[in-house]
Amino acid sequence: MDFTPDPERSRAEMESIQREIAAEATFVDAIDLTPGDVTEGDALVAGVDQAFLLDEEPERAVSAVIVSRGGEVVERTHAVTGLSIPYIPGLLAFREGGPILAAVDTLDCEPDLFLFDGSGRIHYREAGLATHVGVITDTPSVGVAKSLLCGEPRASVDELPEGERVPIDGDDRMPTDEVVGYAYQSRQFDSGRINPLYVSPGHRVSAETAVEFVAACGGEYKLPKPTRRADAYADELKREYTDTNA
DNA sequence: GCGACAG
DNA sequence: ATCTTGTCGC
């Protein structure tokens, strides 16, 4: 089945495709590597993020991918792609999925795990960006979002101590009651007012393991290092493509 | 009609 | 996501 994000689809078709993707997705561990392998340096982890050129017609996206192993960057690549549909909550993958795949396709290596910025199973149809791209590439993937799309934290997420996590249960807007992800406080300074990350399975990883992987990636900031690096790289590229054309 | 809503 | 410098607070 071809799940390539086609922006020309009608909204109903996109939603239908997402249900098919969710059916194909695996929300249990189906990966050889463990979070420990990330720490030990035996896993190739790819961080993916984007920056946008919105003052153009059509708008363009700069998709950046940085692959590291044991904290060392081993490859980085990117793609600049035209965007055809606006951002619609729940349909993010149809706007950004194609551009991301364009960048991933230019990769020389084959990552063992992808970290996407956005949701995975924490999605109305359990098919967020991380799940969509994870299923298409059939590669283990994790979604790392900075805010919650849907689902209900089992407990208050305010003043969550560093390193702690709170399960996110599926709510009435979702087709499941299971734990679809975790609120995870990667960094916390003095008083607890920093929002946690919302980590969810993309494909071939369980919610529990997804958080462990994010924790194993480390980093001195809120975002896991692979994501932060991709973030910085995307911004750097954006500056380049802003003043020039090619 | 009202509220909620990844990036 | 993006527009944007300095600034309030620990």
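All values below were derived from every heavy atom in this structure, side-chain atoms included, with hydrogens, water molecules and symmetry-related copies excluded. These numbers were taken from a predicted model, which means no experiment stands behind them.
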| note | For DNA chain B, the dot-bracket notation using Watson-Crick and G-U wobble pairs below 3.5 Å, [ ] for pseudoknot-type crossings and | for other-strand pairs, is .......
| query | Can you check the A:Leu91 CG to C:dA1 P distance for me, whole Å? | reply | 19 Å
| remark: Here the gap from A:Leu223 atom CG to A:Cys217 atom SG, rounded to the nearest 0.5 Å, amounts to 11.5 Å
| Sugar-phosphate, base or nothing in reach of A:Tyr124, heavy atoms under 4.0 Å | base
Residues 79-90 of chain A side chain polar contacts: donor-acceptor under 3.5 Å, at least two apart:
none

| Using Watson-Crick and G-U wobble pairs with both distances under 3.5 Å, what is the 5'-to-3' dot-bracket string of DNA chain C, with [ ] for crossing pairs and | for pairs outside the strand? | ..........
| task | Could you state the atom-to-atom distance from NZ of A:Lys238 to C1' of C:dA1 in whole Å? | result | 8 Å
| task | Tell me, please, which residues at least two apart from A:Glu40 pass side chain to side chain contact (heavy atoms under 4.5 Å, CB included). | result | A:Asp42
Less than 3.5 Å apart, which donor and acceptor atoms pair up between the side chains of residues 112-120 of chain A and the rest of the protein, not counting sequence neighbours?
unit_1, atom_1, unit_2, atom_2, d
A:Asp112, OD2, A:Leu44, N, 2.7
A:Ser119, OG, A:Ile122, O, 3.2

| Going by an N to O cut-off under 4.0 Å, is there a salt bridge joining A:Arg95 and A:Glu59? | yes
| said: Base, sugar-phosphate or nothing for A:Asp117? Non-hydrogen atoms, less than 4.0 Å. | reply: sugar-phosphate
| said: Counting the atoms with a prime plus P, OP1 and OP2 as sugar-phosphate, which does A:Ser147 contact under 4.0 Å by heavy atoms, base, sugar-phosphate, or nothing? | reply: sugar-phosphate
| task | Pick base, sugar-phosphate or nothing for A:Gly143, based on heavy-atom distances below 4.0 Å to the nucleic acid. | result | nothing
| All pairs passing ring pair (Phe, Tyr, Trp, His ring centres under 6.0 Å) where residues 44-75 of chain A contributes a residue, at least two apart | none
| said: Listing request: all side-chain hydrogen bond (donor to acceptor under 3.5 Å, both in side chains) pairs with a residue in residues 166-175 of chain A, at least two apart in sequence or in separate chains. | reply: A:Arg154-A:Asp169, A:Asp171-A:Arg173
| Hey, can you pull the residues of residues 45-53 of chain A with a non-hydrogen atom under 4.0 angstrom from DNA chain C? | A:Ala51, A:Phe52
| Span of DNA chain B, from the first to the last nucleotide whose atoms fall under 4.0 Å of chain A heavy atoms | B:dC5 to B:dG7
For nucleotides 5-7 of chain C, print each protein N/O atom paired with a nucleotide N/O atom at under 3.5 Å, atom names and distance only.
none

| message | Side-chain N or O of A:Lys146 versus OP1/OP2 of C:dA1: is the shortest distance under 4.0 Å? | response | yes
| field | Pairs flagged by side-chain hydrogen bond (donor to acceptor under 3.5 Å, both in side chains) wherever residues 217-232 of chain A is involved - sequence neighbours left out | value | none
| message | Nearest whole Å is fine: how far is C:dT4 P from A:Arg239 CZ? | response | 15 Å
| request: Work out which heavy atom in A:Pro196 is nearest to a heavy atom in A:Leu160; give both atom names and the distance. | output: CB-CD2, 4.2 Å
| request: With sequence neighbours left out, write down each residue that passes salt bridge (charged side-chain N to carboxylate O under 4.0 Å, His left out) with A:Glu126, or none if nothing qualifies. | output: A:Arg121
